[in-house]
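Structure first, then comments.
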Amino acid sequence: MEKFASMAFAGVIAVALLMECAAAQTVHVVGDSMGWSIPTSGGAGAYNNWAATKNFVVGDVLTFNFVTNEHDVLRVPKASYDGCTSSNPIGNPITTGPANITLDSAGEHYYICTFGRHCQAGQKLAITVSATPGPSPSPTGNPTPPTTTTPTAPSPNSGTPDDCTPAPTSGPTAGGPAGSTTPSNNNPSAIPDSSSSLVLARLYIVVTLNYHVFNFFYRINVMIIH
């Protein structure tokens with residue numbers, strides 16, 4: 001029975017790991033609605049402009065949407081990418097669309113279409129793949145820390161009672177009260193990080209699944225024992 005329980009627990013761990021790996025994978029549809037074709041707008045840099053807004057990580061998938069026998073996709077070194085040639089290809093051309101390519105290494109990746117002069121017309125893609133996800137974009141602008149004012153002590157040489165009266169603090173200015181320690185709702189640090197929330201949500205799902213699966217196998221063990 002102990003052996004059976006150990007095998008059940010190992011199965012739960014394996015399922016959890018598989019779920020976590022699957023959740024971390026991102027599928028990038030190359031060109032979005034434009035698909036993989038000769039760009040009708042954006043010129044030769046259309047696909048690189050699209051890639052500039054993405055974050056590519058090892059394990060992610062590129063999906064090239066194209067019509068079979070009208071386009072293909074081939075990974076090439078930079079020299080072949082620049083010259084729009086299929087010399088020294090990295091792998092074989094994929095001629096059946098849509099094509100899914102898993103990013104299996106970090107560094108620069110280059111892809112072209114080898115049909116006619118499609119590459120020269122802008123059907124080419126260059127991306128940079130990271131080994132791990134990059135940091136979340138930092139908020140624009142740095143919040144200015146609140147300043148504090150130190151009240152000035154009255155002069156000991158003052159001769160009249162009016163001189164002993166502490167000077168009133170300056171009133172509110174257009175930039176807000178000086179020396180205020182009340183947290184501002186506009187402080188970017190008060191906004192929760194979306195990536196952290198996503199990780200916590202995934203962790204909650206994995207832990208909940210582990211609990212239910214392990215509880216299921218435990219009940220089976222109890223039934224077998226009795």
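Just so it is clear, the values below take in all heavy atoms, side chains as well, and ignore hydrogens, waters and symmetry mates.
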With a sphere of 6.0 Å drawn around CG of Asn69, does it hold more than 12 non-hydrogen atoms of other residues, nucleotides or ligands?
no
Using the rule given for side chain to side chain contact (heavy atoms under 4.5 Å, CB included), can you reason through Val61 versus His28, listing the C-alpha separation, both sets of side-chain angles and the distance that settles it, and then say yes or no?
CA-CA 6 Å; Val61 176; His28 304 277; over 6 Å; no
So which heavy atom on Ser130 is nearest to which on Asn55, and how close?
OG-OD1, 4.3 Å
Before giving the answer on side chain to side chain contact (heavy atoms under 4.5 Å, CB included), spell out for Ile127 and Leu62 the whole-Å C-alpha distance, their side-chain angles and the decisive distance to 0.1 Å.
CA-CA 11 Å; Ile127 63 173; Leu62 294 180; 3.8 Å; yes
Short question: side chain of Gln25, backbone of Gly59 - any donor-acceptor pair under 3.5 Å?
yes
Does any N or O in the side chain of Asp60 come within less than 3.5 Å of the main-chain N or O of Val27, such that one atom is a donor and the other an acceptor?
no
Measuring only between side-chain heavy atoms, which start at C-beta, is [X] closer than 4.5 Å to [Y]?
X: Leu74; Y: Ile94; answer: no
X: Cys113; Y: Trp36; answer: yes
X: Met34; Y: Pro39; answer: yes
X: Tyr110; Y: Asp82; answer: no

Tyr81/Tyr111 aromatic ring centres below 6.0 Å
no
Rounded distance (nearest 0.5 Å) linking atom SG of Cys84 with atom NE2 of His118
11.5 Å
Interatomic spacing from CG in Leu103 to OG1 in Thr128 - rounded to 0.5 Å:
11.0 Å
Examine the side chains of Thr95 and Asp72 and answer whether a donor and an acceptor come within less than 3.5 Å of each other.
no
Should the ring pair Phe56 and Trp50 be called parallel, tilted or perpendicular, given that the plane angle runs from 0 to 90° and is split at 30 and 60?
tilted
Ile112 vs Gln123, side chain to side chain contact (heavy atoms under 4.5 Å, CB included): CA-CA, chis, key distance, verdict
CA-CA 6 Å; Ile112 65 171; Gln123 195 174 356; over 6 Å; no
Val30/Leu125 under side chain to side chain contact (heavy atoms under 4.5 Å, CB included): CA gap, chis, key distance, verdict:
CA-CA 9 Å; Val30 176; Leu125 170 68; 4.0 Å; yes
